[in-house]
Amino acid sequence: MVSTIFALATASGRAAIAIMRLSGPACHDILRALCRGQVPPPRRAALRSLWSGDDLLDRALVLWLPGPGSYTGEDSAELHLHAGPAIIDAVADALVACGASPAEPGAFTRRGFRNGRLDLLEAEGIADLIEAETQAQRRQALRQTEGALSRLYDDWAARLRLVLAQQEALIDFPDEALPPEIEATLLAELAALGSEMAAHMAAGGPGERLRRGLVFAIVGPPNVGKSSLLNALTGRDAAIVSALPGTTRDALEVRVVLGDVPVTLVDTAGQRETSDAVEAEGVRRARAHAEQADLVLQVIDPFSPVPPAGLVVCNKIDQALAPAGTIGVSALTGAGLADLTATLAGRARALTAQSGPPPLTRARHRAGIGEAAAHLDRAAQAHWPELRGEELRLAMRALGRLTGRIGVEDLLDTVFGQFCIGK
Ligand SMILES: Nc1nc2c(ncn2[C@@H]2O[C@H](COP(=O)(O)OP(=O)(O)O)[C@@H](O)[C@H]2O)c(=O)[nH]1
Ligand SMILES: [Mg+2]
């Protein structure tokens with residue numbers, strides 16, 4: 001028996017309106033109880049008094065959204081309450097008294113998935129859409145909620161199904177006069193699918209990076225002005241600046257938006273030999289950060305040796321000229337900072353740039369496509385027709401798990417656990 005769930009769909013805290021959302025078979029009964037029989041017509045907003053016994057709880061805009069055309073596919077309702085905490089508490093109590101229960105995170109979207117209103121990729125897109133901080137992230141997430149990635153994977157699955165049908169014909173009628181080119185056509189299609197998947201994985205980096213945001217690490221010798229540069233770039237007094245070398249020990253992270261991409265700038269301890277155990281740990285962490293960063297800004301000053309490669313920023317150009325091949329700035333005077341910001345924004349855009357088909361956006365997608373491609377590879381090399389058929393079925397299964405059309409029970413908690421309550 002499916003339960004009826006409710007949750008606040010709007011953020012908590014004082015506001016003009018709070019939307020309480022309900023979904024499940026008891027919705028109509030609950031509305032009838034709260035509105036004393038005056039349930040509004042389907043999909044028409046209507047003002048109603050909400051009652052709990054003789055207690056008037058609020059006057060609210062009420063929406064009755066019968067399934068299966070609702071977000072969850074079930075009978076649903078919305079109560080647009082005045083957003084006072086006492087009202088929300090009273091309405092929640094009344095809903096519980098009517099037999100409804102508070103929703104878990106992602107419960108509404110999960111029901112939508114179960115009822116075929118959206119697939120797993122589209123559901124992930126909705127989670128990303130809510131998390132999106134920049135317009136580029138919003139566009140990418142919206143494209144995924146609209147099914148762009150699902151269509152790509154479904155199309156591959158459909159082509160695989162055809163290959164599998166041809167393969168089965170070869171298995172079932174080995175002695176019949178089947179056209180001799182069947183096997184060659186089948187192998188050519190397998191190769192084509194394999195290379196499309198490989199290209200998709202190769203092009204997936206930007207999609208994943210845009211979804212999670214970038215990390216730029218600021219590294220270099222002590223005292224060249226790394227912390228000053230972090231403060232200047234972020235317009236915040238986040239890092240401690242001092243003439244004393246070895247001031248920065250913990251890596252300090254500040255989030256900014258560069259080129260419409262969220263970027264975490266990490267200030268690190270200056271690279272030098274040190275007998276101070278804490279600073280040495282800082283130096284070790286700085287190296288680890290640099291290894292994992294999407295981009296490393298090597299900061300020097302005009303008096304330090306120029307690193308052999310990479311993006312080199314020479315700070316303190318108020319004191320001396322920057323060496324050739326470096327980007328000269330002064331964290332003190334602000335000289336060159338606009339150019340540096342523009343360069344970093346360009347790098348951020350390049351690292352997340354997309355063209356052509358929708359990119360994969362999560363490690364889950366990469367793993368699934370990788371698995372499908374591996375089975376295709378084995379299918380192409382299989383000597384036994386039955387073995388090839390089995391590998392093709394496994395490849396289709398890997399694709400089906402991506403959209404959630406097959407065997408995903410074990411995945412659902414992971415996917416929907418990332419949602420907020422009320423979505
Ligand atoms: N003249 C000059 N001094 C700077 C500049 N940037 C930072 N400093 C000074 O250099 C010293 C070290 O700065 P800090 O940001 O702590 O360097 P870090 O050790 O690399 O993080 C401090 O005394 C800063 O005031 C600059 O652009 N010009
Ligand atoms: Mg520092």
Could you pull out all residues at least two apart from A286 that satisfy side chain to side chain contact (heavy atoms under 4.5 Å, CB included)?
->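 Here the qualifying residues are T268, Q271.
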Could you list the residues that satisfy side chain to side chain contact (heavy atoms under 4.5 Å, CB included) with E291, not counting sequence neighbours?
->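 None.
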Is the closest basic N to carboxylate O distance between [X] and [Y] below 4.0 Å?
X    : Y    : answer
E168 : R393 : yes
E281 : R284 : yes
R255 : E133 : yes
D29  : R32  : yes

Keeping [X] on the side-chain end and [Y] on the backbone end, is there a donor-acceptor pair under 3.5 Å?
X    : Y    : result
S70  : G67  : no
K226 : Q298 : no
E208 : P359 : no
S242 : T247 : no
R21  : A7   : no
D75  : G24  : no
D119 : G404 : no
Q137 : V261 : no
N315 : V224 : yes
S3   : I5   : no

[Y] side chain reached by [X] side chain, heavy atoms, under 4.5 Å:
X    : Y    : result
L34  : V62  : no
H289 : I218 : no
L332 : S228 : no
M197 : L399 : yes
L118 : I126 : yes
L376 : L160 : yes
V2   : R114 : no

Do any pairs count as a ring-ring contact (aromatic ring centres under 6.0 Å, His included) and have a residue in [range], sequence neighbours left out, and if so which ones?
range            : value
residues 135-158 : Y153-W156, Y153-H200, W156-H200
residues 50-94   : H28-W64
residues 332-371 : none

Report the distance from atom [atom1] of [X] to atom [atom2] of [Y], rounding to the nearest 0.5 Å.
X    : Y    : atom1 : atom2 : answer
L95  : M20  : CG    : CE    : 5.5 Å
R110 : L120 : CZ    : CG    : 10.0 Å
E183 : Q166 : CD    : CD    : 10.5 Å
L233 : L297 : CG    : CG    : 7.5 Å
I88  : T10  : CD1   : OG1   : 6.5 Å
R139 : D260 : CZ    : CG    : 6.0 Å

Qualifying side chain to side chain donor-acceptor pair (under 3.5 Å) pairs, either residue in residues 36-50, two or more places apart |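 Matches after skipping sequence neighbours: S49-R59.
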Taking atom types as modelled, find out whether E253 and T264 have a side-chain donor-acceptor pair closer than 3.5 angstrom.
->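 E253 vs T264: no donor-acceptor pair found between side chains.
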Considering only distance and modelled atom types, tabulate donor-acceptor pairs under 3.5 Å from the side chains of residues 340-352, sequence neighbours left out.
| residue | atom | partner | partner atom | Å |
| --- | --- | --- | --- | --- |
| T341 | OG1 | L337 | O | 2.8 |
| T343 | OG1 | D339 | O | 2.9 |
| T352 | OG1 | A348 | O | 2.9 |
| T352 | OG1 | R349 | O | 3.3 |

I'd like to check the side chain to side chain donor-acceptor pair (under 3.5 Å) partners of [X]; sequence neighbours left out, ordered by chain and number.
X    : answer
D276 : R249
E189 : R159
R211 : D128
Q354 : Q140

Pair Q292-V215, side-chain contact (heavy atoms from CB on, under 4.5 Å): steps then yes or no | CA-CA 8 Å; Q292 284 163 19; V215 176; over 6 Å; no
Shortest non-hydrogen contact from A238 to L230?
->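 Minimum heavy-atom separation between A238 and L230: CB-CD2, 4.4 Å.
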Of the non-hydrogen atoms in F108 and T72, which two are nearest, and what is the gap between them?
->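 Reported closest heavy-atom pair: O-CG2, 3.3 Å.
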Salt bridge (Lys or Arg N to Asp or Glu O under 4.0 Å) involving E104 - partner list, sequence neighbours excluded =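 By the salt bridge (Lys or Arg N to Asp or Glu O under 4.0 Å) rule, E104 matches no residue at all.
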Do you know which of L31, I87, D58, L57 makes side-chain contact (heavy atoms from CB on, under 4.5 Å) with L79?
->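 Answer after filtering L31, I87, D58, L57: L31.
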Are there more than 12 heavy atoms of other residues, nucleotides or ligands under 6.0 Å from atom CG of L56?
->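 Atom CG in L56 is crowded, with more than 12 foreign heavy atoms closer than 6.0 Å.
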